[in-house]
Amino acid sequence: MGKIKRIGVLTSGGDSPGMNAAIRAVTRTAVYNGLEVTGIRQGYAGMINADFIPLQASSVSDIIQRGGTILKTARCEEFKSPEGRLKAYNNLRDAQIDGVVVIGGDGSFTGARLFNEEHDIPFVGIPGTIDNDIYGTDYTIGYDTALNTVVEAVDKIRDTASAHNRMFFVEVMGAEAGFIALYSGIATGAEAIIIPETSGEERDLKKIIEIGNSRKKSSNIIIVAEGDKGGGAFGIAEKVKDDFKDYDIRVSVLGHLQRGGSPSAIDRVNASRLGHAAVEALLDDQKSVMVGISNGEIVLVSFRRAVKLHKDVNHNLVELARILSV
Ligand code: ADP
């Protein structure tokens with residue numbers, strides 16, 4: 001592959017607040033380095049359908065504070081086949097795109113890795129998902145905003161729960177990971193946190209809540225990650241309702257409001273750093289890697305490792321939450 005003159009940028013898979021800040025950083029860093037930029041709309045579907053738009057520095061004005069993604073995102077079955085990826089490759093070639101920045105999650109990186117095994121246009125990834133469950137990076141874009149949204153919502157639920165002596169099971173996003181649940185649980189002083197990563201005593205709601213109730217708490221908030229094996233907030237509430245007959249039990253599923261909203265300052269800064277780093281990586285002839293942030297520094301992690309390895313929650317924090325809820 002020769003020198004990079006034009007890069008493409010797309011958002012793929014689930015959207016997350018801060019993706020626009022990343023698009024802006026990619027575009028502006030590219031322009032700063034004398035490159036042309038092409039926006040690819042609707043994720044990999046736009047690559048296969050040649051849904052391309054030119055981006056200039058001014059195209060990304062006034063978007064850093066906006067949730068969602070100006071390029072739209074989509075899921076695309078066709079990209080999962082070699083034929084689909086070949087179509088995408090031919091379109092990228094025709095549009096003279098020499099390198100691509102993919103902003104997305106695990107699935108998007110799997111597609112990018114396969115593409116780079118088959119074709120010579122380098123792909124670099126930026127982790128964008130509210131779940132924060134990507135190995136090799138401390139942050140994914142959107143996580144901090146989603147966390148703050150959840151904390152604001154749970155604080156409100158706490159007010160009404162206290163007023164009525166209620167026990168609330170609040171379901172938050174996290175299909176396979178409990179990062180949002182664990183951190184929001186600590187931040188809101190939840191009585192218990194139920195996440196896919198825990199087992200045994202850590203999940204013994206009856207025990208946890210009995211300890212707290214020795215001093216007659218007026219409310220109980222239990223945060224449940226949607227992907228928890230116990231069946232989400234409704235499933236767990238159903239299982240324990242006979243154990244807590246004194247409480248009026250309610251369930252609240254926060255749902256898609258967690259994906260929206262103006263990105264937090266942290267997400268904007270991280271997205272800006274990662275967008276810049278992704279373009280630098282392409283200029284350094286990198287391919288098939290994700291840019292991440294580890295211990296405050298930018299790191300490169302192969303797509304293979306980012307997807308294959310599992311990022312666990314910090315179990316000291318699970319213990320901390322338990323201690324602080326007495
Ligand atoms: P995320 O990137 O947020 O994890 P998805 O899992 O939906 O979201 O993946 C986004 C897109 O990435 C898919 O619609 C598909 O085009 C591509 N993709 C996902 N998994 C694969 C795969 N195994 N092979 C090729 N492409 C994939």
Side-chain angles (χ1 to χ4, degrees), residues 8-20 22-23 26 40-52 67-69 71-92 100-119 121-137 139-146 173-180 196 225-227 255-256 258-260 263 267 270-271 274-275 278 287-292 301-311:
V9 57
L10 74 154
T11 48
S12 170
D15 66 309
S16 63
M19 282 184 160
N20 280 327
I23 295 167
V26 168
I40 301 165
R41 288 161 41 88
Q42 314 270 7
Y44 291 131
M47 228 180 239
I48 288 175
N49 302 324
D51 190 356
F52 300 152
T69 155
L71 292 176
K72 311 278 185 191
T73 179
R75 299 207 149 91
C76 172
E77 277 303 305
E78 206 179 344
F79 198 77
K80 293 184 178 173
S81 69
E83 296 75 25
R85 293 193 290 273
L86 179 61
K87 250 194 225 174
Y89 175 71
N90 287 332
N91 286 333
L92 293 174
V100 172
V101 177
V102 182
I103 306 165
D106 264 359
S108 305
F109 293 167
T110 301
R113 180 180 64 77
L114 291 170
F115 183 97
N116 267 176
E117 282 174 7
E118 297 159 351
H119 304 293
I121 297 176
F123 277 31
V124 168
I126 296 178
T129 159
I130 62 167
D131 291 346
N132 202 29
D133 58 347
I134 296 186
Y135 178 87
T137 186
Y139 282 104
T140 59
I141 295 171
Y143 167 65
D144 186 68
T145 306
M173 280 190 170
E176 280 148 45
F179 289 94
I180 293 180
E226 65 176 344
H256 279 82
Q258 296 164 86
R259 280 194 192 277
D267 270 329
N270 285 340
L274 291 168
K287 67 169 195 171
S288 208
V289 292
M290 172 193 88
V291 292
V301 184
S302 70
F303 283 145
R304 193 181 57 80
R305 284 171 65 81
V307 170
K308 196 170 134 205
L309 299 179
H310 176 69
K311 177 174 168 188

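Heads up: numbering here begins at 1 and tracks the sequence. Values below: every heavy atom of this structure, side chains too, minus hydrogens, waters and symmetry copies. As the structure lists them, so they are numbered: ligands from 1, and atoms in each ligand from 1.
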- [ ] Enumerate the atoms of ligand 1 whose separation from the nearest heavy atom of C76 is less than 4.0 angstrom.
- [x] 13 (C), 14 (O), 15 (C), 16 (O)
Task: Side-chain heavy atoms of K80 within contact of L114, under 4.5 Å - done: no
Open item on the list: Checking a contact table here: which protein heavy atom is nearest atom 3 (O) of ligand 1, and how many Å away?
Closed with: G14 N, 3.2 Å
Task: Protein heavy atom at shortest distance from atom 26 (N) of ligand 1 - done: G111 CA, 3.3 Å
TODO: Starting from atom 23 (N) of ligand 1, locate the nearest protein heavy atom and write down its residue, its atom name and how far away it is, to 0.1 Å.
DONE: T110 CG2, 3.4 Å
- [ ] Could you check atom 5 (P) of ligand 1 against the protein and tell me its nearest heavy-atom contact, residue, atom and distance included?
- [x] R75 NE, 3.7 Å
Open item on the list: Would you say that T129 contacts I134 through its side chain, given a criterion of any heavy-atom pair below 4.5 Å between the two side chains?
Closed with: yes
Open item on the list: As an exercise, identify every atom of ligand 1 less than 4.0 angstrom from a heavy atom of G105.
Closed with: 1 (P), 2 (O), 3 (O), 4 (O)
Task: Charged N-O contact under 4.0 Å between R113 and E117 - done: yes
Task: Salt bridge E78-R85, side-chain N to carboxylate O under 4.0 Å - done: no
Task: Min side-chain heavy-atom separation L10-F52 under 4.5 Å - done: no
Task: Nearest non-hydrogen protein atom, atom 19 (C) of ligand 1 - done: G107 O, 3.1 Å
Open item on the list: Quick test: of every protein heavy atom, which one is nearest to atom 11 (C) of ligand 1, and how far off is it to 0.1 Å?
Closed with: S12 OG, 3.8 Å
- [ ] Write out the residue and atom name of the closest protein heavy atom to atom 10 (C) of ligand 1, then the distance separating them to 0.1 Å.
- [x] S108 OG, 3.5 Å
Open item on the list: Need the ligand 1 atom indices (1-based, order shown) with element for anything under 4.0 Å from a heavy-atom of L114.
Closed with: 24 (N), 25 (C)
Open item on the list: Please check whether K80 reaches ligand 1 - meaning an N/O of the residue sits under 3.5 Å from an N/O of the ligand, judged on distance alone.
Closed with: no
Open item on the list: Under 3.5 Å between any N/O of G104 and any N/O of ligand 1: does that happen in this structure?
Closed with: no
Task: Check: V100 and I121 side chains under 4.5 Å, non-hydrogen atoms - done: yes
- [ ] List every atom of ligand 1 that sits less than 4.0 Å from any heavy atom of Y44, numbering the atoms from 1 in the order shown and giving each element.
- [x] 12 (O), 16 (O), 17 (C)
Open item on the list: Cation-pi check for F179 against K311: NZ or CZ below 6.0 Å from the six-membered ring centre and within 45 degrees of the axis, yes or no?
Closed with: yes
Task: Geometric class of the F79/F115 ring pair [parallel <30°, tilted 30-60°, perpendicular >60°] - done: parallel
TODO: Look at atom 8 (O) of ligand 1 and say which protein heavy atom is nearest, naming residue and atom and giving the distance to 0.1 Å.
DONE: G13 CA, 3.3 Å
Open item on the list: Donor-acceptor pair, distance only, cut-off 3.5 Å: does the side chain of N132 make one with the backbone of Y143?
Closed with: no
